[in-house]
K.L.:
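Below is one structure. I have some questions about it.
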Amino acid sequence: MNDMTEFQAPDITVRKNQGLVLAADFTLPQPLDRYTDEDHQVWSQLYARQMEVLQGRACNEFMEGLTRLPIEPHRVPVFDELNQALGAATGWQIVAVHGLIPDDVFFEHLANRRFPVTWWLREANQIDYLQEPDVFHDLFGHVPLLANPIFADYIQAYGVAGLAAKSQNALHMLARLYWYTVEFGLIATPDGTRIYGAGIMSSRTESIYSLESDSPNRIAFDMQRILQTRYRIDTFQKTYFVIDSFETLFAATQDLERLSQYYNAIRDLTPIGAGDIVSTDTVIHAGNREGWSASDDV
Ligand SMILES: [Fe+2]
């Protein structure tokens with residue numbers, strides 16, 4: 001997640017980063033000596049729990065990346081070690097950051113195949129829910145797919161598109177693509193629908209809900225539709241978009257001219273609500289909206 005609107009560093013971010021100095025590009029060396037035994041214990045617990053729930057739910061490319069990279073079950077990964085394997089796989093590197101960083105800095109990193117990863121970990125009393133990204137979300141959730149060559153190209157293309165969108169005053173639209181793909185994306189596979197979004201990957205409850213609940217909509221990927229669709233950051237998603245391949249996602253994001261046309265086409269239209277279905281949708285599953293309140297339609 002990277003939404004800098006009215007950004008204020010949460011207390012935990014401030015506390016964890018006390019005394020740590022940032023470089024101009026908002027990175028810092030991973031402060032390995034700050035990890036406590038409790039941190040490694042929390043990592044172990046989260047890792048074990050997700051590995052159990054993701055069997056048969058995560059896409060194969062994610063599981064392959066997890067196996068290929070030194071992302072260990074019992075300790076917070078060492079970024080330098082991980083970077084050797086990741087660099088060899090796709091030329092990507094991860095860089096440590098305090099937490100959320102300004103949009104233009106974020107895009108600049110992605111466009112240069114550097115993925116910013118929050119270095120610190122949630123505490124034992126926040127194991128189930130933490131609003132801001134930590135190292136478990138950023139690393140376990142996002143990094144395995146960076147070992148996949150096509151997904152790796154997609155994230156770089158997103159960074160390039162982000163830099164372009166900023167100058168076109170279109171960031172609020174492009175941010176929806178990140179949300180509905182990188183964070184909460186599903187993919188159709190010969191074995192059934194699978195998860196590839198990191199926001200789902202790092203959440204035990206949403207891993208099950210996104211695939212198995214009758215409540216949310218599941219709709220086929222449509223770039224213009226996504227760019228026009230609001231999202232909710234405070235509840236499970238009302239709608240998940242399902243891609244047919246990473247190639248489709250990459251091709252649609254690499255085409256900057258087409259993206260500009262979409263921005264211009266929808267800029268003055270009312271955004272589509274997070275839980276709405278529209279006539280042009282290819283609906284895979286129409287949610288029964290169970291458990292939704294009226295405010296869920298905004
Ligand atoms: Fe994220």
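Hydrogens, waters and symmetry mates play no part in the numbers below; they use all other heavy atoms, side chains included. We're numbering straight along the sequence, starting at 1. Computed from a prediction, not measured in an experiment: that's the story for all the values here.
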K.L.:
So, the side chain of Glu183 versus the backbone of Gly199: is there a donor-acceptor pair under 3.5 Å, distance only?
P.N.:
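Yes, the answer is positive, given that a donor and an acceptor are paired below the 3.5 Å cut-off.
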K.L.:
Could you check whether any side-chain N or O of Arg267 sits under 3.5 Å from a backbone N or O of Asn169, counting only pairs where one atom can act as donor and the other as acceptor?
P.N.:
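It does hold such a pair.
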K.L.:
Yes or no on side chain to side chain contact (heavy atoms under 4.5 Å, CB included) for Tyr240 and Tyr209, after CA distance, side-chain angles and deciding distance?
P.N.:
CA-CA 11 Å; Tyr240 297 91; Tyr209 176 89; 3.3 Å; yes
K.L.:
Going by ring pair (Phe, Tyr, Trp, His ring centres under 6.0 Å), name the pairs with one or both residues in residues 48-86, residues two or more places apart or in two chains.
P.N.:
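Qualifying pairs: Phe62-Phe140.
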K.L.:
Between Asp128 and Arg122, does any NZ, NE, NH1 or NH2 come within less than 4.0 Å of an OD or OE carboxylate oxygen?
P.N.:
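So Arg122 does not pair with Asp128 through a salt bridge.
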K.L.:
How would you list, by chain and number, every residue that makes a ring-ring contact (aromatic ring centres under 6.0 Å, His included) with Phe26, sequence neighbours excluded?
P.N.:
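With sequence neighbours excluded, Phe26 shows a ring-ring contact (aromatic ring centres under 6.0 Å, His included) to no residue whatsoever.
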K.L.:
When you measure from the side chain of Gln228 to the backbone of Ile272, do you find a donor-acceptor pair of N or O atoms at a distance under 3.5 Å?
P.N.:
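Such a contact is absent between Gln228 side chain and Ile272 backbone.
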K.L.:
Could you tell me which residues satisfy side chain to side chain donor-acceptor pair (under 3.5 Å) with Arg114, sequence neighbours excluded, listed by chain and number?
P.N.:
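Listed in chain order: His109.
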K.L.:
Is there a donor-acceptor pair closer than 3.5 Å between any side-chain N or O of Asn217 and the backbone N or O of Ala286?
P.N.:
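No, because the side chain of Asn217 does not come within donor-acceptor range (under 3.5 Å) of the backbone of Ala286.
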K.L.:
If you count the non-hydrogen atoms of other residues, nucleotides and ligands that lie under 6.0 Å from CD in Gln55, is the total more than 12?
P.N.:
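Count over threshold, so yes.
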K.L.:
Test Trp119 against Tyr35 for ring-ring contact (aromatic ring centres under 6.0 Å, His included), laying out the working first.
P.N.:
CA-CA 9 Å; Trp119 69 268; Tyr35 295 119; 5.7 Å; yes
K.L.:
Report the C-alpha separation of Ile233 and Trp179 in whole Å, then their side-chain angles, then the decisive distance to 0.1 Å, and conclude whether the side chain to side chain contact (heavy atoms under 4.5 Å, CB included) test is met.
P.N.:
CA-CA 9 Å; Ile233 64 167; Trp179 188 263; 3.6 Å; yes
K.L.:
Tell me whether the rings of Phe115 and His142 are parallel (<30°), tilted (30 to 60°) or perpendicular (>60°).
P.N.:
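Ring orientation of Phe115 relative to His142: tilted.
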K.L.:
Angle between ring planes, Tyr178 versus Tyr158, binned at 30° and 60°: parallel, tilted or perpendicular?
P.N.:
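Geometry flag for Tyr158 against Tyr178: tilted rings.
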K.L.:
Looking only at atom types and distance, does a side-chain atom of Arg218 sit under 3.5 Å from a main-chain N or O of Ser210, one as donor and one as acceptor?
P.N.:
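Yes.
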